[in-house]
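Every number for a ligand or one of its atoms is a count from 1 in the order of the listing. By convention here, the first residue in the shown sequence is residue 1. For the numbers below, each heavy atom of this structure counts, side chains included, while hydrogens, waters and symmetry mates do not.
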Amino acid sequence: MTISENISLQPYNSFGIDIDAQYFMELNRLDDVVALREWRVNHDLPYLLLGGGSNCLFTQTFEGLIVRVNLQGKALVSEDDTTYYVKASAGENWHQFVRWTIEQGWGGLENLSLIPGTVGAAPVQNIGAYGVELVDRLHSVDVIDLDRGEASTLDKAACQFSYRESYFKSVSQGRLLITAVTFALPKKPRWKIAYAGVQQALEGKELTARNISDTIIALRQSKLPDPTIMGNAGSFFKNPIISNNEWQNLVAKYSNLPNYPQADGSVKTSAAWLIDQCGWKGHRQGNVGVYKDHALVLVNHGGASGQAVKTLAEDIIRSVKDKFSLVLEAEPRVF
Ligand code: FAD
Ligand code: NAP
């Protein structure tokens, strides 16, 4: 295992920002953790565990070590009457893993098709799309505590999942290297097709994991820019979850404000709608902009700096706050 110096992160982040990391290593085997821990003893610098770099924005040289997690492998580890238990190593590509489960005849992950990135990053923000979140299909997460060098397995409760949040994102913040994730995939299908566009597109088709996956892929391709063509990190902002009181106040003024009531009485509204109402959709500011077909997606039109993306995000947050008194929160990690 080698640690390289002054490496451009451009191929390693989906925004395509050309910025350097002072140190860079690929973690290909579990044994490489030893070298990583040694490096930490000898350097008083930060490190960052990186998967596909599709939920990160780099705004300045990373003065520390980027650890690209590249552990590979996937298998059915056990099954019982109701469930297949499938384990995948952290460096596996998420979408390829989803399609592989479907090819094996195991449903459950189809709604999460075409999300960029790796299996190991999926628990970090409890990835979600089209009515399914990782927490709905997760069994456990294998980790190594990089401070202590100890391996353990966390069950679902220990991961403290909520909307685009987890113990890994909010508490452990990089101390725990996720090495593998085990999924519990139901043998009896529980299809979720209520999101706008999904049911209509499936009309006349048999309900199968493959057909749902294909439908979601087509929907996503029609709405979202491909990061290999136009740099982006998907939704740049989380959907605000507000109290029922806040909701009542806002809807009295904005009767079209989308609302998705939550189990605890709060209300999720649409960040895309709020941003669109402020006139940002399609706006361009130098080399950065808001995608023409989706107000939540900030894009790099080519050669943009991370700082320019950050400035645009701050301008959007300010204008949404001025109009709606709601403070949008960024979803990607900003460095
Ligand atoms: P990275 O960006 O590399 O890392 C993200 C975070 O995870 C960082 O904090 C990093 O330190 C940490 N991390 C990475 N690997 C490990 C590891 N092995 N151990 C511990 N920590 C680790 N997200 C959704 O939830 N739903 C969507 O529908 C969705 N659609 C998207 C569409 C597009 C076009 C894009 C570009 C992004 C989208 N995203 C979506 C965001 C992103 O794809 C997910 O958050 C994804 O899980 C990030 O994976 P990654 O490997 O690229 O993570
Ligand atoms: P959409 O279908 O246009 O819906 C807009 C927003 O309304 C979504 O963010 C979604 O919240 C919410 N919503 C819609 N129907 C809902 C329902 N029946 N119940 C509860 N909430 C509902 O969204 P989109 O932007 O095209 O994205 C489609 C799906 O892919 C969404 O689930 C979205 O989260 C996911 N996605 C995520 C990213 C990312 O980077 N995080 C990027 C692209 C797409 P939720 O976001 O909470 O689902």
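The single protein non-hydrogen atom nearest to atom 10 (C) of ligand 1 is L49 O, 3.0 Å, given as residue, atom name and distance. For atom 43 (C) of ligand 2, the closest heavy atom belonging to the protein is L224 CD1, 3.6 Å.
Clustering of Ile, Leu, Val, Met, Phe, Trp and Tyr by side-chain heavy atoms under 4.5 Å joins I217 with L114.
The shortest separation from a heavy atom of Q173 to ligand 1 is not under 4.0 Å, leaving the residue out of contact. Heavy-atom distances between A233 and ligand 1 reach below 4.0 Å in at least one pair. The closest approach between any non-hydrogen atom of L134 and ligand 1 is not below 4.0 Å. Assignment of Y163 to the shell around ligand 2 is supported, since a heavy atom sits closer than 4.0 Å.
If you number the atoms of ligand 1 from 1 as listed, the ones under 4.0 Å from a heavy atom of G117 come out as 49 (O), 50 (P), 51 (O), 52 (O). For ligand 2, the atoms lying closer than 4.0 Å to a non-hydrogen atom of R164 are 34 (O), 41 (N), 46 (O). Counting the atoms of ligand 1 from 1 in the order shown, those under 4.0 Å from a heavy atom of G128 are 24 (C), 25 (O), 26 (N), 27 (C), 28 (O). Atoms of ligand 2 found under 4.0 Å from any heavy atom of G234, numbered from 1 in the order shown, are 40 (O). Atoms of ligand 1 lying under 4.0 Å from at least one heavy atom of A129, given by number and element, are 28 (O).
Selection from F236, Y130, Y195 by nearest heavy atom to atom 19 (N) of ligand 2 gives Y195. For the residues G174, A121, P227, the heavy atom positioned nearest atom 53 (O) of ligand 1 is part of A121. Among S235, A272, G131, P261, the residue whose heavy atom lies closest to atom 38 (C) of ligand 2 is S235. Closest to atom 30 (N) of ligand 1 by heavy atom, among K238, E133, R220, H294, is R220. Nearest-heavy-atom check against atom 44 (C) of ligand 2 across R220, K268, E331 picks out R220.
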Evaluate the salt bridge (Lys or Arg N to Asp or Glu O under 4.0 Å) criterion for residues D136 and R190: first the C-alpha distance (whole Å), next the side-chain angles of each, then the deciding distance (0.1 Å), finally the verdict.
CA-CA 11 Å; D136 302 324; R190 291 181 223 145; over 6 Å; no

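Checking only distances, L224 never comes within under 3.5 Å of ligand 1, N or O to N or O. In terms of N/O distances under 3.5 Å, ligand 2 is not approached by S270.
Note: H139 and Y85 have perpendicular aromatic rings, judged against thresholds of 30 and 60 degrees for the angle between ring planes. Between F324 and W273, the ring planes lie tilted relative to each other; the angle falls in the 30° to 60° range.
Screening residues 42-72 for ring-ring contact (aromatic ring centres under 6.0 Å, His included), with sequence neighbours left out, gives Y23-H43, W39-H43, F58-F335.
Within the 4.0 Å heavy-atom criterion, both parts of N232, backbone and side chain, lie near ligand 1. Residue contacts with ligand 1, taken as heavy atom pairs separated by less than 4.0 Å, involve V124 solely via side-chain atoms from C-beta onward.
More than 12 heavy atoms of other residues, nucleotides or ligands shown are found within 6.0 angstrom of NZ on K187.
Shown here, atom 4 (O) of ligand 2 is out of close reach of the protein: none of its heavy atoms lies under 4.0 Å off.
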